[in-house]
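Throughout, a chain's letter reflects where its sequence line sits, starting with A, and its residues are numbered from 1.
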There are 4 protein chains.
Amino acid sequence: MSFEQMEKLKTKLPEWLETSRLRTGQGDVAAYIPELAKASRDTLGIHIADSQGQTVSAGDCGVPFTMQSISKVFTLILALMDHGEEAVFYNVGKEPTGDDFNSMIKLELVEPGIPFNPLINAGAITVSSLIAGDSPEEKSARILHFFRKLASNERLDYNMDVYHSELETGDLNRSLAYFLKQNGVLKDPVEDVLSVYFRHCSIEVDCSDLSRMALVLAFDGVDPHSGEMLIPRRYIQIAKTFMVTCGMYNASGEFAIDVGLPAKSGVSGGIMALVPGQYGIGVVGPSLNNKGNSIAGVHLLERLSKEFDWSLF
Amino acid sequence: MSFEQMEKLKTKLPEWLETSRLRTGQGDVAAYIPELAKASRDTLGIHIADSQGQTVSAGDCGVPFTMQSISKVFTLILALMDHGEEAVFYNVGKEPTGDDFNSMIKLELVEPGIPFNPLINAGAITVSSLIAGDSPEEKSARILHFFRKLASNERLDYNMDVYHSELETGDLNRSLAYFLKQNGVLKDPVEDVLSVYFRHCSIEVDCSDLSRMALVLAFDGVDPHSGEMLIPRRYIQIAKTFMVTCGMYNASGEFAIDVGLPAKSGVSGGIMALVPGQYGIGVVGPSLNNKGNSIAGVHLLERLSKEFDWSLF
Amino acid sequence: MSFEQMEKLKTKLPEWLETSRLRTGQGDVAAYIPELAKASRDTLGIHIADSQGQTVSAGDCGVPFTMQSISKVFTLILALMDHGEEAVFYNVGKEPTGDDFNSMIKLELVEPGIPFNPLINAGAITVSSLIAGDSPEEKSARILHFFRKLASNERLDYNMDVYHSELETGDLNRSLAYFLKQNGVLKDPVEDVLSVYFRHCSIEVDCSDLSRMALVLAFDGVDPHSGEMLIPRRYIQIAKTFMVTCGMYNASGEFAIDVGLPAKSGVSGGIMALVPGQYGIGVVGPSLNNKGNSIAGVHLLERLSKEFDWSLF
Amino acid sequence: MSFEQMEKLKTKLPEWLETSRLRTGQGDVAAYIPELAKASRDTLGIHIADSQGQTVSAGDCGVPFTMQSISKVFTLILALMDHGEEAVFYNVGKEPTGDDFNSMIKLELVEPGIPFNPLINAGAITVSSLIAGDSPEEKSARILHFFRKLASNERLDYNMDVYHSELETGDLNRSLAYFLKQNGVLKDPVEDVLSVYFRHCSIEVDCSDLSRMALVLAFDGVDPHSGEMLIPRRYIQIAKTFMVTCGMYNASGEFAIDVGLPAKSGVSGGIMALVPGQYGIGVVGPSLNNKGNSIAGVHLLERLSKEFDWSLF
């Protein structure tokens with residue numbers, strides 16, 4: 001982190017955050033899972049970490065939230081580490097789709113019926129089924145272990161209320177999963193796969209955790225604090241590419257143009273973003289726009305990207 | 001039945017059936033349920049019943065087969081008798097659709113997400129959930145009782161091998177059902193609904209049973225042999241209309257033009273048809289065309305309709 | 001026409017019509033063509049003709065209106081008379097579709113890209129291209145001649161204001177037509193085909209004309225007044241079947257259940273219906289429901305069908 | 001260009017190109033325009049330009065070909081320069097779509113009916129309509145002038161045979177355009193818009209021209225040879241982002257993962273790619289894979305990206 005950027009961030013971030021917070025009223029907290037509906041619409045927090053251990057944060061950065069779709073980036077990486085590129089992409093495609101994240105249309109209409117990419121629900125459910133392990137419990141344990149390592153936080157854990165809430169209300173994901181089962185994409189029993197999927201969606205973090213996980217991606221798989229290589233660089237490259245082309249649901253194209261950073265959002269209002277070779281960023285803002293992304297979080301990231309010319313493009 | 005038609009039928013039916021049987025090689029037995037795949041491709045049988053108790057039959061008319069989609073006509077009628085028109089059509093539409101019988105596209109794309117009609121799978125699953133009864137067992141018992149009454153055959157029963165085969169391989173129907181559950185169309189647990197649905201699809205009949213059930217439809221709900229009123233005429237009218245507009249999957253339009261009789265087919269190769277005020281007809285021919293209808297059965301019905309000018313139109 | 005029905009009709013029709021007219025406020029006049037938007041929302045008229053030349057009418061039965069989609073029934077018949085069944089159904093299918101009448105979805109998604117049936121716009125445009133004639137003018141002249149004959153009205157003619165209005169605003173039909181051209185379904189230049197299509201949609205009639213045209217269909221192709229055979233019976237059968245399965249846009253299934261008569265509607269608010277072997281019926285009511293059918297006209301036909309038990313089913 | 005890369009390129013490029021050329025047999029030359037079908041399937045050429053005027057080339061790099069979809073990148077930029085971001089993105093979206101480049105599905109199903117992005121046909125036709133100018137001729141002249149400037153080649157011109165071939169066979173684009181016209185997206189007459197569109201698709205270049213145009217993009221809008229600022233940097237950013245998310249039809253996601261460079265392909269077999277701050281690249285290889293991209297060209301670019309670690313990700 002350059003000294004100037006750091007100084008400017010420290011000075012300006014709280015003010016920028018408050019400007020973005022004015023947007024929260026234009027969106028809504030996700031209501032489809034009762035537990036998520038409890039989040040406060042006005043919450044907005046951000047945490048930025050660099051390679052030397054410096055951090056800047058502002059707003060409600062200590063508020064805990066579940067990873068939801070953000071976890072899909074790391075289960076994809078773990079599946080790649082378990083089985084390699086060829087095996088993973090035999091079961092899931094690489095293309096963005098302009099449809100809603102939970103749509104079945106492309107599964108039904110396009111041969112051979114595999115999900116378009118690993119970041120839509122159908123794709124992420126498929127990826128969950130590919131995690132190595134003899135049982136759903138073992139797969140889940142391996143995922144949690146991996147996430148703890150990436151966040152350098154051994155206390156990372158599931159929010160069991162959210163997990164049970166998702167299990168009970170997840171009929172659309174069940175419908176997707178049985179469709180995949182019918183197509184031969186899922187090998188394991190559907191409920192086993194969904195228990196792994198819902199579990200990793202329910203891992204609870206705060207902005208600081210997200211920023212640390214993003215930092216490993218920003219430094220090509222090496223934890224810059226410990227120097228440890230946690231992820232092969234090729235899989236980082238794959239993950240970052242998907243974050244750019246499909247990371248923000250069907251607003252990914254717009255985000256790429258306006259912000260230009262690899263990022264992944266979740267319906268809890270979290271966004272993980274990264275500035276390659278520089279920063280890991282965690283954001284929380286549960287008020288969502290109509291595409292399912294944090295309305296104030298996107299606004300704040302756009303401000304930061306423009307101020308510091310962070311776009312990859 | 002006019003004397004002349006009856007005499008001509010007795011003389012000619014075996015010959016016409018053998019001509020139609022030559023078509024069986026152009027189709028295939030349904031393979032998606034292992035139990036159905038055991039049927040013989042060359043089988044073709046027909047049984048015609050009239051109001052005075054006269055019958056004509058030809059070919060393999062004693063071969064048992066499961067009703068599959070043919071049962072949807074009678075569960076619709078039973079649901080109408082249980083709840084009335086308004087309640088049933090609050091949950092399922094009245095329109096034909098040119099899509100495959102197991103498609104989700106229209107459910108996803110068209111508001112308000114109820115199935116297009118009661119004869120596609122999504123609609124029939126919804127109808128199964130509407131049968132009165134405190135448990136899946138009670139619902140199933142009421143259905144079986146109703147079917148036995150209509151067929152005047154107390155020995156009508158489930159083929160449990162087919163039932164279990166469907167339960168094990170029915171993931172596409174599970175996917176549809178969870179989609180309906182998500183949309184609020186299904187109130188009961190999905191597996192409960194599916195157990196009722198798969199069970200009535202697995203009721204085993206022969207051509208004679210089908211012709212007797214069709215005869216009740218042909219005589220506006222009255223069993224012409226006993227004189228008993230089994231179904232209110234309005235529900236017969238509804239059922240016959242759906243049979244014409246959607247009874248033969250997405251070849252219903254073609255069948256209406258070429259045959260012009262109310263009919264319903266199943267993937268077991270059965271077809272139930274009726275000539276209003278005259279005959280009930282049961283056909284079996286497991287070799288299916290690419291729309292899922294008995295290839296030789298459709299051919300034979302077209303011959304009969306043209307010979308005797310039976311089309312409604 | 002039975003003496004009792006006729007007497008009851010003469011007595012009751014004006015009252016029933018006024019009851020139905022109360023529905024006009026729930027719909028809207030078609031606005032997509034400026035000329036159609038000039039129609040009065042409260043208009044409702046009906047004219048019923050029988051084989052002996054008796055007629056009953058009520059309401060605004062003298063109001064002129066253009067045939068619009070109603071004309072599709074007769075161009076289909078003319079194309080069948082010009083080329084036979086096989087040639088026509090090589091270019092257009094026989095299946096109802098639950099999509100909007102102007103949708104392209106099925107054209108794009110389902111092989112081989114021919115229109116689903118001759119009563120949706122894509123199908124009717126295709127049929128227009130099949131009318132025999134060396135030029136658009138000759139084709140149009142043959143159509144007008146045929147329509148005049150069927151209506152026994154030599155003064156039947158185009159409403160040129162509506163025709164020009166359609167030509168100028170018909171970009172969606174142009175889009176459909178170029179799609180068909182690309183697929184090889186249309187052989188002639190698109191604008192030539194559209195000029196024929198828009199022209200026959202613009203033929204102006206009143207309820208009396210429609211009832212006379214319907215009467216020929218009701219009597220299997222023979223004009224019961226002159227005894228002249230105008231249409232082969234097989235083509236009547238085909239036309240009536242399509243009227244039942246697809247005649248009322250994507251409310252055809254509902255209409256078949258509630259009314260049960262062969263009918264065809266147009267966006268001008270006209271409906272042509274028939275009671276086989278008995279009556280030809282013409283209705284006009286420009287206030288349309290959300291499916292594009294005359295809201296009061298459908299209501300009135302349902303009343304008539306129930307009073308006299310006219311349903312085919 | 002680093003001395004080492006340049007030396008390695010000069011030594012290795014011919015060999016790598018010949019290895020990629022072995023792939024040409026697995027694809028096919030575009031057949032939908034007769035003029036394009038004349039290209040030789042075995043052709044493969046590449047030209048790489050750097051900021052100091054150094055170039056490396058190999059294979060059939062002098063073969064002329066039409067820009068086709070590659071031109072869409074520069075008409076987008078010109079429309080942005082003419083009207084600004086807000087006006088352009090009022091008429092065209094920013095999202096990738098997994099559908100075929102000439103699909104209408106999303107136009108019909110997703111409100112408000114504007115094209116998903118400026119690089120699919122519907123979007124590019126819309127962009128063509130936004131180019132400033134009082135007539136199609138003036139718009140076309142401005143486009144040609146702009147392209148000549150970017151390529152530093154005053155002799156750049158239309159291939160009129162290809163232009164006329166496209167005009168004659170472009171019914172699918174006509175269909176798209178009339179659909180856009182109906183939706184109010186196109187203001188000008190359809191044939192006027194298409195004449196501009198087909199014209200810029202027919203501009204003829206060779207690999208050297210493409211590499212020069214790409215070089216301006218690689219240097220943020222400044223021609224590094226003349227130092228002249230030709231395009232505002234913001235529009236370069238937008239163009240590069242679209243090239244990454246949608247530049248290679250519905251194989252863009254795969255290309256982003258495997259190559260990771262902003263690129264745009266055309267059905268003539270051309271690919272324009274760039275390495276930001278370093279190189280402009282032009283490729284020609286008319287043998288296309290099933291997604292419409294040069295099969296050998298993609299292979300060669302993947303090799304180069306991996307050898308020199310050029311991926312943005």
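Within the 3.5 Å criterion, the main-chain N or O of D/Glu254 finds a donor-acceptor partner in the side chain of A/Glu95.
Across A/Ala251, A/Pro262, A/Ser311, A/Gly93, the residue that shares the most heavy-atom pairs under 4.5 angstrom with chain D is A/Ala251. By number of non-hydrogen pairs under 4.5 angstrom with chain A, the leading residue of D/Val244, D/Leu312, D/Ile238 is D/Val244. The most heavy-atom pairs under 4.5 Å with chain D, out of A/Cys246, A/Pro276, A/Ser252, come from A/Ser252. Between chain D and the options A/Ile257, A/Thr97, A/Thr245, A/Asn250, the largest number of non-hydrogen pairs under 4.5 Å is found for A/Ile257.
Separating the CD1 atom in A/Ile70 from the NZ atom in A/Lys264 is a distance of 7.5 Å, to the nearest 0.5 Å.
Side-chain contact of A/Asn91 with A/Thr126: a donor-acceptor pair under 3.5 Å is absent, judged by distance alone.
At a threshold of 4.5 Å between non-hydrogen side-chain atoms, the residues A/Pro118 and A/Thr75 do not count as touching.
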